[in-house]
Trainee: 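Following this message is one structure expressed as structure tokens.
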Amino acid sequence: MRVLVTGGAGFIGSHIADLLAESGHEPLLLDSFAEQAHGGRVPGYCVRHELVRGSVTDAALLRELLSGVDAVSHQAAVVGHGVSAADAPDYALHNDYGTAVLLAAMYEAGVRKLVLASSMVVYGEGRYHCARDGIVTPAPRIEADLAAGRYDPRCPECGAELESRLVPEDAPVRPRSTYAATKLAQENLATAWAVQTGGSVFALRYHNVYGARMSRDTPYSGVAALFRSALREGKPPRVFEDGGQRRDFVHVTDIALANRLAVETEAGRGESVPLNICSGDPHTIAEMATELARACGGPAPEIVGGARTADVRHVVADPERARWLLGFRARTGFAEGIADFAHAPLRG
């Protein structure tokens, strides 16, 4: 299959392109080489592929590139928490308007298969269970609790402590950042496109992705890259709250595998199917920082508190739907992946 990979020179897109090529597919890479992601440079690891410099907001270019394409793996996006709420227009332009332009061009070119990079951030807080009230939406965390070191959210009905549970794909979506709002908008645009065109979509909700080729140290980097940058400077990773925040850390090679499987698997016509893409082996932020410090031979993490009311406490996923529909299981274990990441090349 000939597959257009948008954001194909980026952290995740480049790994997808490599695996598609190794699996006998023909990847075509589109990337704008945004300054915050690449420093404007073309990475050496993607020159083996057919590569076009351009933006998903360029309708004429997309119409040209989509000729002869069988499927699209849409990875291009502005990612991360950014610098401030003033980033909102940039996120909306590249993530949402860009997706709308891509979907329109796919319709015009007769391409009806989309694999969309979504994110676990669409959930906001994860899934919680109260011993008295069952599954509940947690009450917002308050400054007094955070200042006192009480970080876990409480039941909105009885005020009791809650137990974190795995998040299924049909859980309510509650984006809590501009980035999260744009990822949910991408899913909604893709769903409408599938219904209108008879196309098929897998919306892959990535959990905390790490691995080679991450951006080194920017406001758009993941926490793993920020921790590693500190360790390379001989400094301890700074872990907010008490370090007990639970996440699912999934290696980028497993994300690439999920994309390849989604490209090769037929979704229902007129359907957009969200899938959690995760390791199925949750860990705390402190555990990840400790394992990385050990692998790097650096100082132990420093727990610094400093929680913000808008921060998410726990979000870990149920991986069963991706296993059932795609046959996807993560192959890289936590310790193995962190050991690899400790010495992997980063960007920037």
Trainee: State plainly whether the residues K235 and E302 are in salt-bridge range, i.e. N to O under 4.0 Å.
Mentor: no
Trainee: Return the OH to CG distance between Y97 and L189, rounded to the nearest 0.5 Å.
Mentor: 12.5 Å
Trainee: Under 3.5 Å, is there a donor-acceptor pair between the side chain of S272 and the main chain of A190?
Mentor: no
Trainee: For the atom pair CG (L28) and CG (L20), what is the distance rounded to the nearest 0.5 Å?
Mentor: 11.5 Å
Trainee: State, without any angle test, whether D311 and Q245 hold a side-chain donor-acceptor pair at a distance under 3.5 Å.
Mentor: no
Trainee: With clusters defined by side-chain heavy atoms of hydrophobic residues (ILVMFWY) lying less than 4.5 Å apart, directly or transitively, does L65 cluster with W193?
Mentor: yes
Trainee: Could you see if V209 belongs to whatever hydrophobic cluster contains L261? Use Ile, Leu, Val, Met, Phe, Trp, Tyr and a side-chain cutoff under 4.5 Å.
Mentor: yes
Trainee: When you measure from the side chain of R228 to the backbone N and O of F341, does any donor-acceptor pair fall under 3.5 Å?
Mentor: yes
Trainee: Within the structure provided, determine whether V121 and Y206 are in side-chain contact (heavy-atom separation under 4.5 Å).
Mentor: no
Trainee: Can you check whether L257 reaches L19 side chain to side chain, under 4.5 Å on heavy atoms?
Mentor: yes
Trainee: Any heavy-atom pair between the side chains of L62 and L30 that's under 4.5 Å?
Mentor: yes
Trainee: Would you indicate whether the side-chain heavy atoms of S119 and Y179 approach each other to under 4.5 Å?
Mentor: yes
Trainee: Using a 3.5 Å distance criterion without hydrogens, assess whether the side chain of K113 forms a donor-acceptor pair with backbone atoms of E264.
Mentor: no
Trainee: Determine whether more than 12 heavy atoms belonging to other residues, nucleotides or ligands lie under 6.0 Å from atom CZ of R238.
Mentor: no
Trainee: Listed by chain and number, what are the side-chain hydrogen bond (donor to acceptor under 3.5 Å, both in side chains) partners of Q186, not counting sequence neighbours?
Mentor: T99, K183
Trainee: Taking C-beta and beyond as the side chain, do N259 and F202 meet within less than 4.5 Å on heavy atoms?
Mentor: no
Trainee: Quick one: are Y151 and D145 in side-chain contact, heavy atoms under 4.5 Å?
Mentor: no
Trainee: Quick one: do F249 and V316 end up in the same hydrophobic cluster if we chain Ile, Leu, Val, Met, Phe, Trp and Tyr together by side-chain heavy atoms under 4.5 Å apart?
Mentor: no
Trainee: Any sub-3.5 Å donor-acceptor pair from D281's side-chain atoms to G333's backbone N or O?
Mentor: no
Trainee: Just jot down the side-chain hydrogen bond (donor to acceptor under 3.5 Å, both in side chains) partners of R48, sequence neighbours excluded, or say none.
Mentor: none
Trainee: Answer yes or no: does atom CZ of R329 have more than 12 heavy-atom neighbours from other residues, nucleotides or ligands under 6.0 Å?
Mentor: no
Trainee: Look at the side chain of E169 and the backbone N and O of N276, then say whether any donor-acceptor pair between them is shorter than 3.5 Å.
Mentor: yes
Trainee: Considering only heavy atoms from C-beta outward, does the side chain of V223 approach that of M288 to under 4.5 Å?
Mentor: yes
Trainee: Closer than 4.0 angstrom, basic N to acidic O: yes or no for D152 and R313?
Mentor: yes
Trainee: Look at R63 together with E108 and state whether they make a salt bridge at an N to O cut-off of under 4.0 Å.
Mentor: yes
Trainee: Examine Y210 together with H251 and report whether their ring centres are nearer than 6.0 Å.
Mentor: yes
Trainee: Do V167 and M120 have side-chain heavy atoms sitting under 4.5 Å apart?
Mentor: no
Trainee: Indicate if L275 and V201 have the same hydrophobic cluster label, given that clusters are the connected sets of ILVMFWY residues with side-chain heavy-atom separations under 4.5 angstrom.
Mentor: no
Trainee: Under 3.5 Å, is there a donor on one side chain and an acceptor on the other for R347 and S215?
Mentor: yes
Trainee: Return yes if a side-chain donor-acceptor contact under 3.5 Å exists between D96 and T182, otherwise no.
Mentor: no
Trainee: Surrounding CD of E320 (heavy atoms of other residues, nucleotides or ligands, distance under 6.0 Å), is the total greater than 12?
Mentor: yes
Trainee: Can you hop from L103 to L204 via hydrophobic side chains spaced under 4.5 Å?
Mentor: no
